[in-house]
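Quick notes on the structure that follows.
Below, read A as the first sequence line, B as the second, and so on, with proteins coming before strands; counting in each chain starts at 1. The basis for the numbers below is simple: all heavy atoms, side chains too, and nothing from hydrogens, waters or symmetry mates.
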Amino acid sequence: MLDLKFIREHPDLVKEGIRKKGEADSVDDVLRLDMQRRDLVQRGEALKNRRNTVSEEIGKLKRGGQDASPSIAEMDAVKTQIKSLDDELKQVEESLNRLLLTLPNIPHPSVPEGKTPADNQEIAKWGEPPVIDFTPKPHWDLVQKLDIIDFERGVKVAGAGFPIYKGPGAKLQRALINFFLDEAYAKGYTEIQPPLMVNTASATGTGQLPDKEDLMYTVPKDELYLVPTAEVPVTNIHRDEILSEEQLPIKYCAYTPCFRREAGSYGKDVRGLNRLHQFDKVELVKFVHPGVSYNELESLRTDAEVLLQKLGLHYRVLLMCSGDMGFTQSKKYDLEVWSVGQQRWLEVSSISNFEAFQARRMNIRFRPRGGGKPEIVHTLNGSGLAFPRVVAALLEYYQTPEGKVIVPKALHKYTGFEVIG
RNA sequence: GGAGAGGUGGCCGAGUGGUUGAAGGCGCUAGUCUCGAAAACUAGUAUACGCGUAAGUGUAUCGAGGGUUCGACUCCCUCCCUCUCCGCCA
């Protein structure tokens, strides 16, 4: 959510930012409702002031045994007016709030303007594709021969997009959980095991609601949502809190399964591990002082990149353009790992600065050193990392001509084996 | 799921219709005292929104929402949550 005062004072900047994101701009409606709201507030409060004053007088008169009926009669009329102004105000505020929740965050000046993924900028590349003298297999062939991931039976048990990891496949997943979390620990992140279902307020706080309800699995009977990412429960930990500046930055890491309906996906994008309804992810979340959030974004990116480096996987860093960035972000990087078997890049991490956009929705503030008014914190998060595509890339990258897979050294102490197959 | 109790400021805790934003205590901040610290004493110590350049001022907030009333922390209704006992259960 954007700051209403900022919109009021800089409507053109906001309109420009929304235009860059390629979204419809309802800034003028916001301003109109804001004016209506302030007018109603002023009229209502003047009457309430009157009511409070007279009620106090009535109290005094009654205690003095005097007649207060003229005042009471006046207040009867005032009461009706207040009620009607309050009702009107409530409607205006509901409309205003609904509108504010649908305004996207505006991009940081360093974000390139663009409309599609083609406009994203590749700003770094690490490693090389492996040199091999055979035709590499895609991971879905490898895992079937090795019998380590069973897609067919996953369909039977749950449906498409719910694979079953088996034997070394399951252990590889478990190894990655520990590897990623240990790396995060070493960088000062505190491990969180959050709820895997969240309520409406939490889903609204991080921006999944009201617009993106279709992405989530719902539990209607209990008004809960299965987490589409640990970002949701972890960022909401500090909802409606005033932190102290000394606590900042707060850094959390969390391993969770993630559940996404991903309606409308099809084709090569969903083959094998490329896109699933349930997948594992370690998420990194930061709450930081607004003055340093862009430094924190860079270090967050480094924290995620190092994981791919330690796994020895070839990857690139994209700076997302304004139009491809998403509703809540001010600036976002994607890490894409090279898929040898598919000869394409796969997104394994998305690293974002939301500035105050989420924190304002969630009312997460901090008290500045030495006192003073609470300020909104900035929130950031990044995948560190999402498992399925890392697993896909890893299996494909380290495959042998015989269809076995060499486990990268960084994982040996977690897997206990060095070769799959 | 059944029965009972309760939700008040950073924390504890008073308050059952009329200056209660809210006693008292703790904590915290500043000052006095001290070589310094502790203790003691003094003062200050919520948030949001509106108006105002500002000082300031108005309104709201005692779990949430609604109702009764001239006036609600106090009465009524609905919901949420916590605790205790019982049941069920990994």
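The separation between A:Asn199 atom CG and B:G63 atom P is 20 Å, rounded to whole Å. Counting to the nearest Å, the P atom of B:C70 and the CD atom of A:Gln66 are 19 Å from each other. Atom CG in A:Asp67 sits about 14 Å away from atom P in B:C70, given to the nearest Å.
Where A:Ile72 and A:Lys48 meet RNA chain B, the nucleotide closest to each residue was compared, and A:Lys48 sits on the side nearer the 5' end. Remark on RNA chain B: of its neighbouring residues A:Ala46 and A:Lys83, the 5'-side contact belongs to A:Ala46, judged by nearest-heavy-atom nucleotide.
Salt bridge annotation for A:Asp34-A:Arg37: present, with a cationic side-chain nitrogen under 4.0 angstrom from a carboxylate oxygen.
The phosphate of B:U59 (OP1 or OP2) has no side-chain N or O of A:Arg43 nearer than 4.0 angstrom. Residue A:Asn49 has a polar side-chain atom (N or O) positioned under 4.0 Å from OP1 or OP2 of B:U59. Not one side-chain nitrogen or oxygen of A:Asn52 sits closer than 4.0 Å to the OP1 or OP2 atom of B:G58. Remark: A:Arg360 is not in phosphate contact with B:A48, judged by side-chain N or O atoms under 4.0 Å from OP1 or OP2. Contact annotation: A:Arg367 does not reach the phosphate of B:G10 (side-chain N/O to OP1 or OP2, under 4.0 Å). Regarding contacts with the backbone of B:C51, a side-chain N or O of A:Arg38 is found under 4.0 angstrom from either OP1 or OP2. Taking side-chain N and O atoms only, A:Lys79 has no distance below 4.0 Å to OP1 or OP2 of B:U68.
Applying salt bridge (charged side-chain N to carboxylate O under 4.0 Å, His left out) to A:Lys286 and the options A:Glu298, A:Glu231, A:Glu296 leaves one that passes, A:Glu296.
A distance of about 10 Å separates the P atoms of B:G9 and B:C62, rounded to the whole Å.
Counting any heavy atom pair closer than 4.0 Å across all strands shown, A:Lys60 reaches no nucleic acid atom.
The ring-ring contact (aromatic ring centres under 6.0 Å, His included) pairs that include a residue from residues 147-184 of chain A are A:Phe162-A:His277, A:Phe180-A:Phe387, where partners are two or more places apart or lie in different chains.
You won't find any donor-acceptor pair under 3.5 Å spanning the side chain of A:Glu56 and the base of B:G18, going by distance alone.
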Go through the steps to decide whether A:Leu226 and A:Met197 satisfy the test side-chain contact (heavy atoms from CB on, under 4.5 Å), and finish with yes or no. CA-CA 4 Å; A:Leu226 269 66; A:Met197 296 189 220; 4.1 Å; yes

Both distances under 3.5 Å, Watson-Crick or G-U wobble: on that basis, could you give the dot-bracket string for RNA chain B, with [ ] for crossing pairs and | for other-strand partners? ((((((((.[[[..)..(.....]]]((((((.......))))))((((((....)))))).[[[[[..)....]]]]])))))))....

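Counting heavy atoms of neighbouring residues, nucleotides and ligands inside a 6.0 Å radius, atom CD of A:Gln173 exceeds 12 of them.
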